[in-house]
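This report concerns only the one structure given below.
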Amino acid sequence: MADSKTKSNQTQSPEEILATVVNHALDGNDVPLNTLDNKVIKAKAKAMIVRINKGTAERPEMPTNSTQVETTTSAPSAYTRKDFTSDQAVRWCPGCGDYSILAQTQKVFPDLGRKKEDFVFVSGIGCSSRFPYYMDTFGFHTIHGRAPAVATGVKLANPDLSVWVVTGDGDSLSIGGNHTIHMLRRNLDLNVMLFNNRIYGLTKGQYSPTSEVGKVTKSTPMGSLDGPFNPLSLALGAGATFVSRTLDKESKHMQDIINQSYNHKGTSFIEIYQNCNIFNDGAFSSLTDRDTKSDTVLLLEDGQPMVFGAEKNKGIRLDGNIPKVFEFGDKLNIDDALVHDKKDYIIASLLANMTYNPDFPDPLGVFYAIDMPTYEDLIVDQINDAIKKKPKGSVQQLLDSGDNWVVK
Amino acid sequence: MSRATQQVEEVVIRFAGDSGDGMQLTGGRFTDTTAIVGNDLSTLPDFPAEIRAPAGSLAGVSAFQIKFSSKDIHTPGDTPDVLVAMNPAALQVHQKEVKPGGTIICNANAFTPKNLKLAGYETNPLEDKTLDDYFTLYSIEMGKMVTLACEGLDLSSKIVDRSKNLYALGLLFWIYDRPLQPTKDWLEVKFGKKPELVEANVRSLEAGYNYGDTTEIFTTRYKVDKANLPPGKYRNIMGNNALSMGLAAAAEKSKLGMFFGGYPITPASDILHTLSAWKHLGIKTFQAEDEIAGITSVIGAAFTGGLGVTATSGPGIALKSEAMGLAVIAELPLVVINVQRGGPSTGLPTKTEQSDLLQAMYCRNGEAPLPVLASSTPGDCFFAAYEACRIAVKYMTPVVLLTDGYLANGSEPWQIPALKDLPDFKVKFADKSNISDGQFMAYLRNKDTLARPWAIPGTKGLEHRIGGIEKEDVTGNVNYDPDNHHHMVKTREQKVKNIANEFDPTEIFGKKSGDLLILSWGGTMGACRSAAEALQDEKFKVSHLNLRWLNPFPNDLGEILIKFKNVLIPEINNGQLIKMIRAEYLVDAKGLNLVRGKPISSDDIQHTVKEMIG
């Protein structure tokens, strides 16, 4: 549809373009206006629409040579990245991994085939949680750790919305840990993007619940003592139905995971390794450096053997119940490599446990994905069942029910 | 057999027994039947926090008090005329409050050496004559009687013994001339699936009634005439139930989908239970993982256009406070109900108190004003809940509704309201007309109310972001400008103040000036009104004013206060409303502060008033 729009513009005068986009907008189709490249006409059109809505201007006649397609085609496919870009200046530190995550999201969203007014971003507190301000969708920047609970209310109040939770390792695993696990076990159809930089950035550099043991920070000058959470093991243990991981620098991979997350019905959990170049620079450098990443990253593909290495000559195999890294050779080859099955909880658990283990590569991709009923569907089913059994009554009937008597 | 019938105006009965003796059930049945025969009534359940404290122990005593009358009453009574004590512990705990000359009815079979020892009696008070000088004592072998009555039923002796509360109930029904049929019908519904159990309970109920009828122990029956209530259709109602109905009424009238998020806590859980049973009304209830998720899920629902409500008690409010601040700055409508109980900390979970007023007013960080109102009787919880919802939506603000354990579990006859008579509750979500110059202004306010538009996800063209960071007025964008912050602090305060502009002139019970004004809020209303009535009968120049709204105060309150020489504020706390009144109006009000986990009595108030102006 964006294409047809461009063609029609080329054959129209500026006045005709103006009249066309204004008419479409007044009829409820903002796409031609929003996709207009000519800023002057765009501004004039917006001003005209305001005046018409106020009643101080007449609606222009629709040019006869305008294409009819535009008013009848559904809007979603015509979105561009700009439609998801808000007017607020992005204020993350230059070089922050968050920029990439925002860019990949804005790249993927136009093509999800959903009306943009149906998207809601909910976040907690932290650098990551500023994300909703930069997406031109409905957004709610809430309080520390509570985004999963707020998002639960959003989704339950209107299950037709596409609800996204943006959070960080401190937000979702420390102060909001309780909400995170309960969101996961309920399996609402939510999408969770956990930006894991293994540090507190907004409060200027304290260790986080995913920081490695011995982390020297302002609050742990002699090194941190407590072991880290493994977010994906936690998610699996909490009953998540979609568990995945991607990396800020792997833009295509991230786009694919965001897409799969959107298409999964149930809570989709995406851990995004994200570099904080100010307080924890290089936390994931071994996974991103060209020299090392082929040996440190295991890209998961459903139904495919687990193979990695620059020469694609290494794999993961099971020795009894114990996963092991092996090199292809005379005795063992690709046929011995474990084949990924995203429906297999045991495999997902093995993969999740490779985190923080220097003997293994860090897996990226979809670890686990199964279909389970969503909480909001079950709630709606119960309500519908109740209405069937007891035809939807009025509150007056409720008030009048039970023993009552009349005073004359 | 002819027996004397004595006409009395009002009676106070207290049923007391072990937690497992079914005293709340007995009281509930007596209450419903009393409502049906047309008396005015007021009840006060009083039960321990422990579900089942050791049998026979003082800690395990559970009680239920009812006052019923042929005239309009406001409290469950101060001292009982009749105490039904099912075991020695119940007698030990409650006997000292019985009116001198009152009646005590005991289950003699429970007065075993073991139970007497547990209750701290060295000798059996039913036999040692210690009570005889002060009370009319009836010692009845209820356990034995129900065993005989239930002979032939295929039930264990333990189960049969449990029906002795119905025996006591039957006896009281005879003494006060009440029908058995409503209780029989109720038993049928309650235990219908177990006919043997229904039979056992009915036999015990009848046995108790017949005992009064056939033995000559009871020389007098009492008659309490119907109360002279305004004409209309009535039912008996408990506070939490009325409150739930008020919420449901608000959802129906506003056509908003109701979303209730909450976490179990005494004494508020019944609201969650009640609403969960009303799925056929389309009500969505969510038992959250904690108090914080209870309110934050509601905030999410409110952002999405639902009628958001959460209910808890004081400890839960403490946990919800940060989220309440979020709702204040995000300017979203929701109702936060606090069914107050004794504090601090876990305090007295099953006892009543009014000690969370200042928490409701000031518990949040920053300048975070929000409207606070309180219900004053069990039935009034309905109207207070409806009003809380209406104001929340109209002014786009969280609202705190205060009730308490006494109102929540207490009951009274209630004239059933007609939904059509409730105030209008129209809701208009923002739409395209709220867009100017191509931009939606999330904080462009209504000039009269200062409410911002309610723009819900799914509405084309209104995509916008809100959150806990200070907002620029009009646009709603993040803003750190000093003048804007000052302006927003003042605006949020003014928005709450504006609510007072729609209050009716404040009603005063009694004259508009005089020697003393009793100023009350919440559950102490009944005791204050009773005291004012009694004092006015004695020609004291005393009036009573009950505050529905604690924030904002009514605009005319200051002028009213200065017309009285004295102001007395009875509260079940250490003086909270009094601090607000003194601060706001510089009035030298006096407090009556009794913090005992139970309602202040009308007698206490009368006594204090007479000390002040007598």
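Throughout, a chain's letter reflects where its sequence line sits, starting with A, and its residues are numbered from 1.
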Using a 4.5 Å cut-off on heavy atoms from C-beta on, say whether the side chain of [Y] contacts that of [X].
X         : Y         : value
Phe303(B) : Val150(A) : no
Lys284(B) : Ile383(A) : yes
Leu156(A) : Thr304(B) : no
Leu462(B) : Phe138(A) : yes
Tyr133(A) : Ile469(B) : yes
Arg235(B) : Ser401(A) : yes

Give, for atom [atom1] of [X] and atom [atom2] of [Y], the distance between the pair rounded to the nearest 0.5 Å.
X         : Y         : atom1 : atom2 : result
Lys390(A) : His280(B) : NZ    : NE2   : 4.5 Å
Leu399(A) : Lys233(B) : CG    : NZ    : 9.5 Å
Glu463(B) : Phe121(A) : CD    : CZ    : 12.5 Å
Asn477(B) : Asp87(A)  : CG    : CG    : 6.0 Å

Might you point out which heavy atoms bring [X] and [Y] nearest each other, and give the distance in Å?
X         : Y         : answer
Lys279(B) : Gln382(A) : CE-OE1, 3.1 Å
Leu161(A) : Gly458(B) : CD2-N, 4.0 Å
Ile143(A) : Ala323(B) : CD1-CA, 3.6 Å

Would you mind checking which part of [X] comes under 4.5 Å of any heavy atom in chain A, side chain (CB onward), backbone (N, CA, C, O), both or neither?
X         : answer
Leu307(B) : neither
Leu326(B) : side chain
Gln415(B) : neither
Ile456(B) : backbone
Ile416(B) : side chain
Glu252(B) : side chain
Trp414(B) : side chain
Ala330(B) : side chain
Ser433(B) : neither
Ile283(B) : backbone
Ala227(B) : neither

request  = Could you give me the CA-CA distance, side-chain angles and deciding distance for Val407(A) and Asn228(B), then say whether side-chain contact (heavy atoms from CB on, under 4.5 Å) is met?
outcome  = CA-CA 8 Å; Val407(A) 173; Asn228(B) 191 18; over 6 Å; no
Can you tell which part of [X] gets under 4.5 Å to a heavy atom of chain B, answering side chain, backbone, both or neither?
X         : answer
Arg91(A)  : side chain
Phe119(A) : neither
Asp160(A) : neither

Between [options], which shows the greatest number of heavy-atom pairs under 4.5 Å with chain A?
options                         : result
Leu229(B), Ile292(B), Ile299(B) : Ile292(B)
Val298(B), Leu419(B), Val478(B) : Leu419(B)
Ala293(B), Pro230(B), Gly438(B) : Ala293(B)
Gly38(B), Ser436(B), Ala248(B)  : Ala248(B)
Phe259(B), Phe286(B), Phe382(B) : Phe286(B)

Largest heavy-atom contact set with chain B, pairs under 4.5 Å, which of [options]:
options                                    : result
His144(A), His179(A), Lys116(A)            : His179(A)
Gln88(A), Lys389(A), Met135(A), Arg186(A)  : Arg186(A)
Ile379(A), Leu398(A), Thr142(A)            : Leu398(A)
Gly139(A), Ser129(A), Pro132(A), Ala157(A) : Gly139(A)
Ile181(A), Val122(A), Asp403(A), Thr137(A) : Thr137(A)
Asn158(A), Val380(A), Val154(A)            : Val154(A)

message = Please tell me whether Asn178(A) and Asp290(B) have a donor and an acceptor in their side chains that are separated by less than 3.5 angstrom.
response =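 Their side chains do contain a donor-acceptor pair, which is all the 3.5 Å distance test asks for.
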Whether Gln396(A) side chain and Pro417(B) backbone form a donor-acceptor pair below 3.5 Å =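 Checked: pair present.
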ask   = Taking the inter-plane angle between the rings of Trp405(A) and Tyr234(B) on a 0 to 90° scale, is it parallel (under 30°), tilted (30 to 60°) or perpendicular (over 60°)?
value =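 Parallel.
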key: NZ/Lys184(B): more than 12 non-hydrogen atoms of other groups inside 6.0 Å   =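 Yes, NZ of Lys184(B) has more than 12 neighbouring heavy atoms, counting only those of other groups under 6.0 Å.
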task = Indicate yes or no: does Arg465(B) engage Asp136(A) in a salt bridge with an N to O separation below 4.0 Å.
result =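 Yes.
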